[in-house]
Amino acid sequence: MTSAGVVLGDRFARELPELAVRWQAESVPEARLLVLNEPLAVELGLDPDWLRGPDGVGLLTGTVLPPGAVPVAQAYAGHQFGGYVPRLGDGRALLLGELTTPGGELRDLHLKGSGPTPFARGGDGLAAVGPMLREYIVGEGMHALGIPTTRALAVVATGRSVQRETLLPGAVLARVARSHLRVGTFQYAASTGDPGLLRRLADHAIARHHPQAAQADNRYLALFDAVVAAQADLVARWMLVGFVHGVMNTDNTTISGETIDYGPCAFMEAYHPETVFSSIDTWGRYAYGNQPTIMGWNLARFAETLLPLIHDDQDTAIALAQVRLQEFGPRFQAALDAGMRAKLGLPAGLAEDVATPLMNDLIALLAANRVDFTSFFRRLGRAARGEVEPVRAMFGVDPAGFDDWLARWRALEPDAAVMDRVNPAYIPRNHLVEEALAAATAGDLAPLHRLVEAIRAPYDERPGFERYAEPAPEDFGPYQTFCGT
Ligand code: AMP
Ligand code: MG
């Protein structure tokens, strides 16, 4: 059997046919597997050796599918940079179907760059090698940091050129997610005015992601609540590692609470809340420090779609949803505070009136001195063990303000072991990602593999990986990322 027993379910296509356009991946002139995520393949119960073979690569490009598979382009809408687009959808992507893991969980197997669909809106439906490898690297880094995320299973070069600013080698990304349901999926379903469709979508989301909501008196309000909680936790985790998503449109906000769509994203080095990387985000809408506010805004858009399910009377529905939405801020803050306490190794139960000013004063010092966010906390762990000079050196010629802070903090007897478990030494730093992508595009995958090796064990500092723990050299310059990838 050519498909090696791979079974792709069609639950989404079956339960929500109004949101699924049957479609086929474009042929691939000259497929060449660039990277295969072996640990992920094993988790999914797929045989890595088979995936490397012709039928496996056929699956990873959507060109050889197991019997019964129903690939579809998914419909969704979305607010992009605040403006509503009623019809976005998978313009260059396909849901191949749902895999069932050995543990019995469902995972979407999805392609990006598999050719234009009816949602392509003039786009070519293709993807370039660089951005797809970038999604692979950053997703693996996020996963290793314990942050919920979609993950790349493989990137296959197609042998087809893609026209961007220049002609680039094309690729197909095979992506795995708990699902591809987005706030934008609900916006699209709500806009059809078909209450049956909206209800089916909500029930599908509850069954797949938030089954405990089915037990609640008001299951749709409970669904909203569960998504608020998941996203509050997710954004707090982003903030704790300095991650800037870059394009937090409602179509890039999942119902599962996973990070999705690594386009113009990047990790902040010098700490500053106004940090923006995306070349098109001139207003700083999706700046580092704005991310919680934007997520709250996106969740308000989600709530709007659910109102008819929450209560027949609209005013009552709004009042109910508002109470839950207002919990986003406190939930986010609680997750952020707990994470920050761990980053600082603070003793359990430390009073809020000690911890809060300590954290706020530190943030102000980091911003004023534009300190490298990631290496700061790692070096602070050394300071907890008595070796204070490496971290002091980050505050320039006049570290007096930091010295005061350091004395206050050390008096609390911070726990260095806790700190080392939550403060990564290695993250996918922008200059390292660019270096790996440039080499890979020119045919050398060694730097990519080395970088992935570093970031897959982010807390485990190892000899030979010193440069992966360092900020970008001065000559790397101000970093920008680009949309339309
Ligand atoms: P993204 O910014 O990647 O989240 O994509 C936003 C929307 O643009 C989605 O509807 C995509 O399917 C669509 N899109 C992005 N790039 C392309 C492309 N090259 N061809 C067709 N559609 C695209
Ligand atoms: Mg997207």
Side-chain angles (χ1 to χ4, degrees), residues 76-89 91-92 112 120-124 127-128 130-132 134-135 137-138 142 162-166 168 182-184 187 231 234-235 238-239 241-254 259-302 332 363-364 366-374 427-431 433-434 437-438 471-472 474-485:
Y76 52 86
H79 277 89
Q80 298 197 308
F81 289 88
Y84 184 63
V85 185
R87 193 180 135 108
L88 286 167
R92 56 164 172 175
K112 197 158 162 177
R121 295 176 297 147
D124 60 10
M132 296 306 101
R134 180 186 174 78
E135 180 147 350
I137 298 168
V138 183
M142 295 288 272
V162 181
Q163 183 67 54
R164 295 291 179 260
E165 292 81 32
T166 57
L168 298 171
R182 312 143 190 265
V183 168
Q187 291 180 293
Q231 288 292 350
L234 180 68
V235 178
W238 290 355
M239 302 300 281
V241 296
F243 177 72
V244 182
H245 183 283
V247 59
M248 287 177 69
N249 295 332
T250 56
D251 51 301
N252 291 336
T253 300
T254 58
T259 314
I260 194 168
D261 272 3
Y262 296 100
C265 64
F267 282 83
M268 174 176 65
E269 296 209 318
Y271 180 84
H272 204 282
E274 286 165 19
T275 304
V276 175
F277 296 105
S278 171
S279 61
I280 61 169
D281 192 3
T282 40
W283 292 99
R285 179 181 172 91
Y286 299 143
Y288 171 78
N290 262 1
Q291 296 185 120
T293 307
I294 290 293
M295 186 52 77
W297 191 89
N298 289 352
L299 290 167
R301 307 288 79 74
F302 181 40
F332 164 76
I363 292 301
L366 294 180
N369 292 277
R370 303 215 165 223
V371 172
D372 182 75
F373 188 68
T374 301
I427 54 164
R429 288 183 181 270
N430 309 321
H431 67 291
V433 173
E434 291 304 325
L437 297 186
E474 294 285 339
D475 64 7
F476 186 62
Y479 186 55
Q480 274 212 320
T481 56
F482 297 90
C483 246
T485 47

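Worth saying up front: this structure is predicted, and the values here are computed from it rather than measured.
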Work out which heavy atom in [X] is nearest to a heavy atom in [Y]; give both atom names and the distance.
X    : Y    : result
K112 : D261 : NZ-OD1, 3.1 Å
D251 : R182 : O-NH1, 2.7 Å
A77  : P86  : CB-O, 3.2 Å
V247 : P264 : CG1-CD, 3.5 Å
T275 : A270 : OG1-O, 4.1 Å
R134 : G263 : NE-O, 3.1 Å

Determine the sole option in Y479, Y286, Y288, F267 for which the side chain to side chain contact (heavy atoms under 4.5 Å, CB included) test with F277 is passed. Y479
Is the closest side-chain heavy-atom distance between [X] and [Y] below 4.5 Å?
X    : Y    : result
R429 : T374 : yes
L88  : Q80  : yes
V138 : F243 : yes
H245 : N252 : yes
Y76  : Q187 : no
F332 : M295 : no
T259 : L234 : yes

Do R285's NZ or CZ and the ring of F81 fall within the cation-pi criteria of under 6.0 Å and 45°?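 Not satisfied by the 6.0 Å and 45° rule.
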Taking only residues two or more places apart in sequence, or in another chain, which ones meet R301 in a salt bridge (Lys or Arg N to Asp or Glu O under 4.0 Å)?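 Scan of R301 (salt bridge (Lys or Arg N to Asp or Glu O under 4.0 Å), adjacent residues dropped) gives E304.
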Separation between [atom1] of [X] and [atom2] of [Y], rounded to the nearest 0.5 Å:
X    : Y    : atom1 : atom2 : value
M248 : S278 : CE    : OG    : 13.0 Å
E434 : I137 : CD    : CD1   : 9.0 Å
H272 : I363 : NE2   : CD1   : 11.5 Å

Ignoring hydrogens and geometry, is there a side-chain-to-backbone donor-acceptor pair from [X] to [Y] under 3.5 Å?
X    : Y    : result
Q480 : I280 : no
T250 : G184 : no
N430 : A472 : no
T253 : N249 : yes

Students often mix this up, so state it plainly: with edges at 30° and 60°, are the rings of Y84 and H79 parallel, tilted or perpendicular?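 Because their plane-to-plane angle lies in the 30° to 60° range, the rings of Y84 and H79 count as tilted.
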When you check the gap from the basic side-chain N to the acidic O, do R370 and E269 get nearer than 4.0 Å?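 Salt bridge absent between R370 and E269.
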Between D124 and R92, is the side-chain contact (heavy atoms from CB on, under 4.5 Å) condition met? List the steps. CA-CA 8 Å; D124 60 10; R92 56 164 172 175; 5.8 Å; no
